[in-house]
Amino acid sequence: MDYQFKQIEQQWQKFWAENETFKVEVDVNKPKYYVLDMFPYPSGAGLHVGHPLGYIASDIFARYKRLKGFNVLHPMGYDSFGLPAEQYAIQTGQHPAKTTETNINRYRQQLDNLGFSFDWSKEVRTSSPDYYKWTQWIFMQLFNSWYNLDTNQAEHISTLIEKLETIPAQEINAVCDEDVQHLLPSDWSTLSGEEKQAELLKYRLTYLRESTVNWCAALGTVLANDEVKDGFSERGGFPVEQKKMMQWSMRISAYAERLLQGLNHIDWPEPLKEMQRNWIGKSVGAMVKFSLIPNPSPKEKGAQENTKLGYETANSPFWDLLKENSKENRKNATDAELVLWQKLRDSQTGFKIRRQHVIEGFIADFVCLSKGLVIEVDGGYHSKTEALEYDKQRTEFLNQAGFEVIRFSNEEVINQTDKVVSDIKEKLERLTSKSGAPSPLERAGGEAIEVFTTRVDTIYGVSFLVIAPEHELVAQITTPAQQADIDAYIAQTKKKSELDRMADTKTVSGAFTGSYALNPLDGTKVPVWIADYVLAGYGTGAVMAVPSGDQRDYLFAKHFNLPIIQILDAQQIEEQADPTKEGKYINSGVINGLGYKEASVKIVEELKEVGMGYGKINYRMRDAIFGRQRYWGEPVPVYFKPARSAGGNGLPYLIDESELPLLLPEVDKYLPTESGEPPLARAKDWKYKDEYEYELSTMPGWAGSSWYWYRYMDAKNDLAFADEKAISYWKDVDLYIGGSEHATGHLLYSRFWNKFLKDLGHVTEEEPFKKLINQGMIQGRSNFVYRINDAEGKGTNSFVSNGLKSEYQTTALHVDVNIVVNDILDIDKFKASREEYANAEFILENAKYICGTEVEKMSKSKFNVISPDDLVERYGADTLRMYEMFLGPLEQSKPWNTNGIEGVFKFLRKFWRLFHDENWNFTVSDAEPTKAELKSLHKIIKKVEDDVERFSFNTSVSSFMIAVNELTDLKCKNRAILQDLVVTLSSYAPHICEELWVLLGNKAGTLSYAAYPTFNPAHLVENEFNYPVSINGKTKTNVNLPLSMEVAEVEKYILESEIITKYLDGKAPKKIIVVKGRIINIVA
RNA sequence: GCUGAAAUGGUGGAACUGGUAGACACGCAGGACUUAAAAUCCUGUUCCCGUUAAGGGAGUGCGGGUUCGAUUCCCGCUUUCAGUACCA
């Protein structure tokens, strides 16, 4: 029978599924190999021809490794939480679980069609409760952990508590928030349970903190940095703005150095590693303090105690917002305030308390300045999210200014006045014990500007400082004379959108604060400016400007007429800044005459000595925001206590481990509530212990994908995310194939979680993915027809072939690539495709309509989507698998072009024919293989081994063609040869090979675990070689010589041969180069 | 701007440590089979000169260099793609 791919492929796919041919178990007697694909997000569009590229490559590799005797784990699953399903749910009202299920079924069918050797018994879906139970569990471990820099690993939070109980907090070497309190063990012991929780949150590896987030209003959620591209959301392309919000974050910054170092030990593409290095953004430099020349002086600053002056200097950027909020929010609170004031006034508590006092732009209800305590009475507006936000923002600000804040609700003050007063008293008394702490006003003052620099050697070239307009010191250091300038500049900066600020890097702008700072080494007085080229979010939000060495500083100095100081003798600074480090220092105090290296060391020493600086490493990478205000994601296993109804501000607590999974509740709509809360706020009666609010955000898309490769090892386990035995056997992923679009998202977060799980002893390897390959993107290749326009430019019903279109006025229209073959339009199908084309006329060239082409993204709107299903239908899965590999190197991006698939199909047919006679009867012989046959076979055995090991799949396909062409020419029907060839080809074209394997008399299903044929180099040994002979490197002729001839003999032969007479007119050559078995080159 | 990758016939691409550039496949042209078409098979196919043939010349983005010999190594440039962006 002729090659019946359809029947063969269906039969074998069924066989593999029914017999679970590819199911694997832990087997300590066999070496393991873990081949992983980046699992797909099951979208409604289904797979296009680009998706399986990586899956085919990994499948070939997995099958090859099985033949080589490895125990191969090759699983597949679905990253099934995420935005598109939810957007679809919003539009149609269908539950995302339902559409996701439908999409997964379609994906599964498409994957099955291609004959992959996945072990489907290990399938995972991130949206299934028995999977996300463990995502939540890992979240809980993170919450219960802190990062100890002494041991350089994550530890359980209990070891932190032990430390807080025994040593001052300042001596704990932890990665934590900047605003941790400098507690002594005695302070810690007096804190209430709630206060302790609040403090611990600043150390936990996942924590709740107010941070600046990327808010996408159109999607109604925050986005991670890697989900934002050029100020727009990666999914959907909606605008993204910066906004302050209370958010869950992951303290990935704790792992910055390990994430960076780990890159040196893994086999990943260099560009990918480079991207991660850039993202982590390590810079080695120094922190340097520039003392502010008191302006206003500390004495004058003391005058801020005066309400009036304090109010006047309260010009923080938030001022307008504050004024409005405080007015509105306070209207109804006067009763409670009055009650409390009667109990606090005239030092009744033993401490001087002031009412309605302004601190740094905030009006505090009550404040005790000497103890640094602010007492706030909150009204009923409390339940509004905005107000909550505002309260948090204010608390943080006051904390930074050195004040503690306690809050009471109106109800508390009115109904339990005495308890409130005694609470305040108790608090005030406790605060007295902190005698050594700086006074709030001292702390609020800020007597120095701290900068981060990578060129500490240029410190003598500093001619001014620049701080970000958002910098907290701006308000304080601005002199009255400069106030107007600064206000105007801040207003102007705020108006600029993030995008404008990024785009416009040419315009120099800034404003002088009126204040000066002192260079810590030579005492030079330098002015302090603000400018938006300094970013608040990086380093300290302040830079020391060295115009001679930094181009931005140079332009700034030129623009505002500030001095430019040359600091190296080799520096060329007439036209622009010169950042080079060559030469000896001049104008540079203690480092004059030194070179870069010694100078840098010396400066840091000097700074340390005067206590004004120290060496420091900075990372660009920020902590990752870990919450989305969306429905379709993992619920965060956290509730807030005290409950809102009890008037508390609610601190986060974990639910009990035994209560996992915390199921995603049902909601009536997948939209935010009217008050702007996330969709989960719609869930009815969804409260922890019927009392406490749950967290309403869900986890981001990357949560489930950050550990999924472990679940595959033991996918059904109820007791752990995977059994210890499975983890210690499979260890890590040996080969990971996927797109480079995950470079800074998934691949960074996965490495982070892996390191964390290792620190806690749950897994064994520091890096999860030993070897990684990026498959290239497959672009679309669009076809066009050219409609002729009439004199008025209106479209007619005539179409002109591509080659003749220049003679007409035409409009190019996309035409469905599925009715075009080799760029020739199928005119009948075109006419049938739309009613308006039924009577279309065509101007042809060579009796054909040739379409134009262009490379574009593969998308429905461009009519260039090729579905693998169609190609499988027409040519079979084996042909498609081989053709996708044949297209070119796996890593390279290329446009899809179906032209050429015929060649692969013809090859498989020719291969099939090797086993059959002219009448398609299966025929093989048991004769001794000939030398030529063995040579062909062993060439391909070697070639495939080499190619697969270096992931060069395209070259193997060509070599298979050559082998089959050769064996066809040799009329080879030899069983021994053909059977080995079947094994060799089976990882590429498994269906046809299974069929032939059985026809050859082997047991069905055993091919997958057969042994790869052993390469015998003896079969490739030749006696003779046809030497190319070149004159001066240009090949002229060939000469056939025995390989036994030594170099000298060959030379002698050449000298005496007619080649010399023919090409050199008999003249003696200058030199003859002979490389045995390679070439002969005659130098004339 | 910076970082990284790449550039070879009409097309996809091959040439692994410097050693016959264009394997393999598509497309195209010619031929066989056929009443005809499709399918299949055979031959040719880097470009230029040479009517054919023999033969000669050029040639791996561009310009140089190293070497007996360079698609491969070195220097400079151009273009394309990707990432990143005032990171101090």
Side-chain angles (χ1 to χ4, degrees), chain A residues 229-230 269-279 281-283 285 451-456 458 466 501-506 508 531-535 537-546 549-553 555-556 579 618-621 740-741 743-744 774 776-777 779 781 822-824 846 853 883 886-889 891-904 906-907 909 943 946-947 950 952 954-965 1026-1038 1069-1075 1077-1084:
Chain A
K229 292 267 177 297
D230 302 326
E270 201 47 48
L272 189 71
K273 291 206 240 182
E274 198 61 28
M275 270 190 243
Q276 292 213 345
R277 283 192 194 105
N278 289 340
W279 190 261
K282 180 180 184 176
S283 42
V451 303
F452 176 73
T453 175
T454 53
R455 285 297 300 276
V456 74
T458 63
V466 188
R501 224 169 128 167
M502 278 200 296
D504 181 19
T505 60
K506 294 266 148 52
V508 178
D532 62 9
Y533 81 84
V534 175
L535 305 176
Y538 185 75
T540 61
V543 302
M544 57 179 226
V546 184
D550 182 289
Q551 186 60 18
R552 288 158 311 168
D553 297 344
L555 291 173
F556 197 86
N618 226 347
Y619 298 93
R620 190 178 80 110
M621 183 168 66
S740 60
E741 65 271 22
T744 49
N774 283 133
M777 274 220 304
Q779 296 138 303
R781 187 173 181 278
N822 285 332
D823 297 333
I824 297 164
N846 301 329
T853 65
Y883 183 61
F886 185 62
L887 274 178
E891 301 91 329
Q892 234 166 67
S893 287
K894 56 227 152 198
W896 177 265
N897 190 347
T898 311
N899 301 355
I901 195 168
E902 298 264 356
V904 175
K906 275 192 226 165
F907 153 74
R909 198 156 169 262
K943 180 72 177 159
D946 291 352
D947 284 354
R950 65 189 169 105
S952 173
N954 56 325
T955 49
S956 304
V957 179
S958 300
S959 305
F960 278 123
M961 290 175 173
I962 293 169
V964 167
N965 287 347
N1026 195 20
Y1027 281 95
V1029 180
S1030 47
I1031 316 285
N1032 295 331
K1034 274 276 163 198
T1035 310
K1036 295 290 175 187
T1037 183
N1038 285 58
K1070 286 192 187 127
K1071 198 176 174 188
I1072 294 181
I1073 285 121
V1074 177
V1075 182
R1078 288 258 189 209
I1079 51 109
I1080 297 164
N1081 189 19
I1082 301 166
V1083 186

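Numbered from 1 within each chain, the chains take letters A, B, ... in sequence-line order. All figures in this text were calculated on a predicted structure; none of them were measured in a lab.
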Could you check whether [X] gets within reach of a base, just the sugar-phosphate, or nothing at all, counting any heavy atom under 4.0 Å?
X        : value
A/Pro889 : sugar-phosphate
A/Lys282 : nothing
A/Glu891 : nothing
A/Leu887 : sugar-phosphate
A/Phe960 : nothing
A/Arg620 : base

Checklist entry - Taking for each residue the nucleotide of RNA chain B with the nearest heavy atom, is it A/Ser958 or A/Asp550 whose nucleotide lies nearer the 5' end? => result A/Ser958
Checklist entry - More 5' along RNA chain B: A/Ser952 or A/Lys906, using each one's nearest nucleotide? => result A/Ser952
In whole angstrom, give me the gap between the [atom1] atoms of [N] and [M].
N     : M     : atom1 : answer
B/U46 : B/C24 : P     : 12 Å
B/U72 : B/G1  : C1'   : 31 Å
B/G22 : B/U71 : C1'   : 11 Å
B/U78 : B/G63 : P     : 15 Å
B/A85 : B/C2  : C1'   : 8 Å
B/C77 : B/A70 : P     : 24 Å
B/A15 : B/U66 : C1'   : 22 Å
B/A82 : B/C87 : P     : 23 Å

Atom pair distance, as rounded to whole Å: [atom1] in [X] and [atom2] in [N]:
X         : N     : atom1 : atom2 : result
A/Asn774  : B/C81 : CG    : P     : 19 Å
A/Lys1036 : B/C68 : NZ    : P     : 19 Å
A/Asp553  : B/C86 : CG    : C1'   : 11 Å
A/Asn1038 : B/G19 : CG    : P     : 17 Å
A/Phe886  : B/C26 : CZ    : C1'   : 8 Å
A/Gln276  : B/G83 : CD    : P     : 15 Å
A/Tyr619  : B/A88 : OH    : P     : 14 Å
A/Lys894  : B/A82 : NZ    : C1'   : 15 Å

Checklist entry - Is A/Arg1078 atom CZ crowded by more than 12 heavy atoms from other residues, nucleotides or ligands, each under 6.0 Å away? => result no
Checklist entry - Can you tell me if A/Thr955 and A/Ser952 form a side-chain donor-acceptor pair at under 3.5 Å? => result yes
Checklist entry - Under 4.0 Å between a side-chain N or O of A/Ser283 and OP1 or OP2 of B/A88? => result yes
Checklist entry - Does A/Asn618 have a side-chain nitrogen or oxygen under 4.0 Å from the phosphate oxygens OP1 or OP2 of B/A88? => result no
Checklist entry - Is there a donor and acceptor pair closer than 3.5 Å between the side chain of A/Asn1081 and the base of B/C68? => result yes
Checklist outcome for this item: Regarding B/G9, purine or pyrimidine glycosidic angle vs 90° from 0 gives syn
Of all the choices, [options], which nucleotide is nearest to the side chain of [X] once you look at every atom?
X         : options             : value
A/Arg552  : B/C86, B/U40, B/G19 : B/C86
A/Asn899  : B/C26, B/U20, B/C86 : B/C26
A/Ile1073 : B/G19, B/U40, B/A88 : B/G19
A/Met961  : B/A88, B/C24, B/C16 : B/C24

Checklist entry - Are side-chain heavy atoms of A/Leu887 and A/Trp896 found at a separation under 4.5 Å? => result yes
Next on the checklist: When you compare the side chain of A/Asn954 with that of A/Phe886, does any pair of heavy atoms fall below 4.5 Å?
Outcome noted: no
Item to check | Presence of salt bridge, A/Arg277 and A/Glu270, under 4.0 angstrom | outcome: yes
Item to check | B/U40: pairing nucleotide in any strand, Watson-Crick or G-U under 3.5 angstrom | outcome: B/A32
Checklist outcome for this item: Any strand, both distances under 3.5 Å, Watson-Crick or G-U wobble: B/U20 pairs with none
Item to check | Output field: ring centroids A/Tyr619/A/Trp279 closer than 6.0 Å | outcome: no
Checklist entry - Parallel, tilted or perpendicular: which describes the rings of A/Phe960 and A/Phe907, with under 30° parallel and over 60° perpendicular? => result tilted
Checklist entry - Judged by atom type as modelled, is there a donor-acceptor pair below 3.5 Å linking the side chain of A/Tyr1027 to the main-chain atoms of A/Asn1038? => result no
